[in-house]
Asker: 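The structure under discussion is supplied below as structure tokens; questions concerning it will follow.
Only this structure's heavy atoms are used, side chains among them; waters, hydrogens and symmetry mates stay out. Since we're looking at a predicted model, the values are computed, not measured.
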Amino acid sequence: MNAPDDLQLPSDWEDDSEPDPRARRSRRFALIALGLAGVLVLGAVIAVGAYLNSLRSAYEKVTTVSISRGASDGERPEDGQGRNFLLLGSDKRSEEDAKAENVSGQRSDVMMLVHISADNKEVYVTSFPRDLYVDIPGHGKGRINSALAYGGVSLAVTTVENYTGVPIDHVALIDFEGIQGLVDTLDGVDVTVPEDFEADGHQYTKGTQHLNGEEALAFVRARKQFSEGDFQRNRNQQAVLQGIISKLISADTLTNPAKLRDTISTIAPYMTTDDGLDSGAMIELGLSLRSIRSGDIHYLAVPNSGPYTTSGGASVVGTDEEAMDLLRTALREDTMSSYYADHVSNG
């Protein structure tokens, strides 16, 4: 409809019935661009969703357990700051290997408490000597690694919670076969070898050495080869963990969905976690720690008073309660940075 003769129209007014062809093209291009953007976003969402589903599918092979406290376990420590994870390495072996090595039950020869700072910028990995002589609820005094044999993952968690004075948010147990498979999936890891030695037919040379899965497994098991025995084995375990973490957070792993999925698929059948540490929780954990690099992960050991023999003739490692109280406070109050600077990094 045309405007009446007496109506004054703005000088830049244009009749809608005959729009500028350039304006039509501009709007058309804008709609096409918007449509393409929508298709790309939708495609990305589908791709990410498919990738996450594949990770969830791989993670379904993990065995889960419920963590509970019994009547003799005492009260669970109050929540502090930061998060605490318990990592257990089990020496559960095949029946043939167990019989040959005179091993029975399932013991946690690797026990590490992982504290993640509240701001997700620092990680502290604290190793426990397997023979640390502590109170095990319902069983009196015993080596800390025997808690797993006495009462499974629940008792191992409770024992560590009671001893450290902080709650364990999540726990993960992996047997040695899983460690071997994980290292091989990562195409081996670089570790620092403390001295020249031989173990299970493998030769290790002082300095940085690239280890495959079988070599890494023998490395974390070895202890009789060292004058400091189990204490050096703890450090070797941390060295392998450090090598694994370095590979996992390297660009070629994180940017390779297939490799990351294969890594999870390899380790999942050999893992047991609490039922709260599902695939969703793992994804959330990974996202929260996406800025962490190897230099942000610090390794230390639980204070102790050294080896001694009990009245019953057992060889154990004594506790150091005064020094341990300092660590307990640092874990509870999320002041591990200061603790590490004062008691570890400066010797």
Asker: Using a strict threshold of under 4.0 Å (side-chain N to carboxylate O), is an ion pair present between Arg143 and Asp131?
Answerer: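 Salt bridge between Asp131 and Arg143, a charged N being under 4.0 Å from a carboxylate O: yes.
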Asker: For Asp73 and Pro137, indicate whether the former's side chain and the latter's backbone hold a donor-acceptor pair under 3.5 Å.
Answerer: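 No.
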Asker: Is a side-chain N or O of His298 found less than 3.5 angstrom from the main chain of Ser337, in a donor-acceptor match?
Answerer: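 No.
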Asker: So does Leu173 get a backbone contact from the side chain of Thr272, meaning a donor-acceptor N/O pair under 3.5 Å?
Answerer: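 No; judged by distance alone, with no hydrogens or angles, the pair does not exist.
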Asker: Given 3.5 Å as the limit, does a donor-acceptor pair link the side chain of Asp196 with the main chain of Lys206, or not?
Answerer: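 Side chain of Asp196 to backbone of Lys206: a pair is present.
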Asker: Do side-chain atoms of Asp296 reach the backbone of Arg293 as a donor and acceptor pair under 3.5 angstrom?
Answerer: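 It does hold such a pair.
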Asker: Under a 4.0 Å N-O cut-off, is there an ion pair linking Asp325 with Arg328?
Answerer: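 Yes.
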Asker: Counting only N and O atoms by type, is there a donor-acceptor contact under 3.5 Å from the side chain of Ser154 to the main-chain atoms of Ser68?
Answerer: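 Side chain of Ser154 to backbone of Ser68, a donor-acceptor pair under 3.5 Å: yes, one is there.
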Asker: Return yes if a side-chain donor-acceptor contact under 3.5 Å exists between Asp334 and Ser117, otherwise no.
Answerer: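 There is no such pair between these side chains.
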Asker: For the pair Tyr204 (side chain) and Pro194 (backbone), establish whether a donor and an acceptor sit closer than 3.5 Å, ignoring hydrogens and angles.
Answerer: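 Answer holds: no.
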Asker: If you measure from the Lys or Arg side-chain nitrogens to the Asp or Glu carboxylate oxygens, is any gap between Asp230 and Arg223 under 4.0 Å?
Answerer: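 No salt bridge links Asp230 with Arg223.
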Asker: Return yes when atom CD of Glu321 has more than 12 non-hydrogen atoms of other residues, nucleotides or ligands closer than 6.0 Å, and no otherwise.
Answerer: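 Counting other residues, nucleotides and ligands, CD of Glu321 exceeds 12 neighbours.
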Asker: Counting distance only, does the side-chain N/O of Gln238 pair as donor-acceptor with the main-chain N or O of Leu300 below 3.5 Å?
Answerer: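 Checked: pair present.
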Asker: Please check: side-chain N/O of Asp169 versus main-chain N/O of Asn84, any donor-acceptor pairing under 3.5 Å?
Answerer: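 Pair found, side chain donor or acceptor close to backbone of Asn84.
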Asker: If you define the side chain from C-beta out and look only at heavy atoms, does anything of Leu217 sit under 4.5 Å from Leu211?
Answerer: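 Not touching, per the 4.5 Å side-chain cut-off.
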Asker: Which distance, rounded to the nearest 0.5 Å, do you find between the CG of Asn145 and the OG of Ser90?
Answerer: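 Rounded to the nearest 0.5 Å, the CG-OG separation comes to 10.0 Å.
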Asker: Look at the side chain of Gln232 and the backbone N and O of Glu228, then say whether any donor-acceptor pair between them is shorter than 3.5 Å.
Answerer: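 No, because the side chain of Gln232 does not come within donor-acceptor range (under 3.5 Å) of the backbone of Glu228.
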